[in-house]
Amino acid sequence: MADTVADTRRLLSKPQNLNDAYGPPSNFLEIDVSNPQTIGVGRGRYTTYEVRLKTNLPIFKLKESCVRRRYSDFEWLKSELERESKVVVPPLPGKAFFRQLPFRGDEGIYDDSFIEERKQGLEQFINKVAGHPLAQNERCLHMFLQDEILDKNYTPSKIRHA
């Protein structure tokens, strides 16, 4: 039986210059979820989050955008992607039913620590989704990230490269 020896020679790579090392990345997509604001009182109370996008990917019509979204908007995006695309959509942070019960002695779903935890979960969710090449072709994702008002009665379609 012949012994096979692995080829351990180094691959030749071109030397990196300062522009390569410190210039703008060839493709980038940054999405931050921040600045939570709780609006309203009683049963009409809800929290919105700022969703800020920066990218140089040609498929996005705006290279920078900032919109406000509620948790229910993230739920809408998740269900649209599951219905319209072939993408395996990651889970959203949980609904926190127990935090909505009365007489808890804290702010429930409006408690600062809960809002911060949910914000981080929403940011992880939207970055995973938006980073998926197939999801980037879905109109609902573009609307979610770049349209000030979310038209939930839209006609599902694919986005064509610019």
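The shortest non-hydrogen separation linking V129 to P90 is CG2-CD, 3.7 Å. Looking at every heavy atom in both residues, H142 comes nearest to I159 through CD2-CG1, 3.4 Å. Nearest heavy-atom pair, L81 versus A135, reported as atom, atom and distance to 0.1 Å: CD2-CB, 4.5 Å. The two residues E80 and P156 have their closest heavy-atom pair at OE1-CG, 4.4 Å. Closest approach of K119 and P36 over heavy atoms only: CD-CD, 4.1 Å. Annotation for C140 and W76: closest pair CB-CH2, 3.8 Å, computed over non-hydrogen atoms.
Atoms CG and NZ, from D32 and K54 in turn, are 8.0 Å apart once rounded to the nearest 0.5 Å. How far NZ of K86 is from NE2 of H132: 12.0 Å, rounded to the nearest 0.5 Å. The CZ atom of F60 sits 6.0 Å away from the OG1 atom of T55 when rounded to the nearest 0.5 Å. Distance CG/L92 to CD/Q124: 11.5 Å, rounded to 0.5 Å. Atom CZ in F28 sits 4.5 Å away from atom CG in N56 (nearest 0.5 Å).
Panel note: side chain R68, backbone T48; a donor-acceptor pair is recorded below 3.5 Å. Between the side chain of E50 and the main chain of C66, no donor-acceptor pair closer than 3.5 Å is present.
Within 6.0 Å of CZ in R52 there are 12 or fewer heavy atoms belonging to other residues, nucleotides or ligands. Residue E117 places its CD atom among 12 or fewer non-hydrogen atoms of other residues, nucleotides or ligands, all under 6.0 Å distant.
Under the 3.5 Å distance criterion, with hydrogens and angles disregarded, a donor-acceptor pair is assigned to the side chains of S113 and D111.
Using a 4.5 Å cut-off on side-chain heavy atoms (C-beta onward), E30 and L53 make no contact. With a 4.5 Å cut-off on side-chain heavy atoms, L29 and L57 count as touching. Side-chain contact between S85 and L134: absent, with no pair of heavy atoms (C-beta onward) separated by less than 4.5 Å. Looking at heavy atoms from C-beta onward, I149 lies out of side-chain contact with V67 at the 4.5 angstrom threshold. Looking at Q37 and T47, their side chains never come closer than 4.5 Å, going by heavy atoms from C-beta outward. Side-chain atoms of L150 and M143, non-hydrogen and from C-beta on, do get closer than 4.5 Å to each other. In this structure, the side chains of L145 and I126 come closer than 4.5 Å at one or more pairs of heavy atoms.
Judged by the 6.0 Å distance and 45° axis criteria, R70 is not positioned over the aromatic ring of Y49. Within the cation-pi definition used here (under 6.0 Å to the ring centroid, within 45° of the axis), R69 qualifies as a partner of F144.
If you chain together hydrophobic residues whose side chains sit under 4.5 Å apart, I115 and Y46 never meet in one group. A continuous path of Ile, Leu, Val, Met, Phe, Trp and Tyr side chains, each step under 4.5 Å between heavy atoms, connects Y154 with V89, placing both in one hydrophobic cluster.
Exactly one residue among K78, K158, R83 makes a salt bridge (charged side-chain N to carboxylate O under 4.0 Å, His left out) with E138. That residue is K158.
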When you look at I31 and F125, which way does the side-chain contact (heavy atoms from CB on, under 4.5 Å) test go after all the steps? CA-CA 10 Å; I31 304 171; F125 167 80; over 6 Å; no
Any chance you could lay out the side chain to side chain donor-acceptor pair (under 3.5 Å) test for Q120 and E116, step after step, and finish with the verdict? CA-CA 6 Å; Q120 290 173 2; E116 179 60 28; 3.1 Å; yes
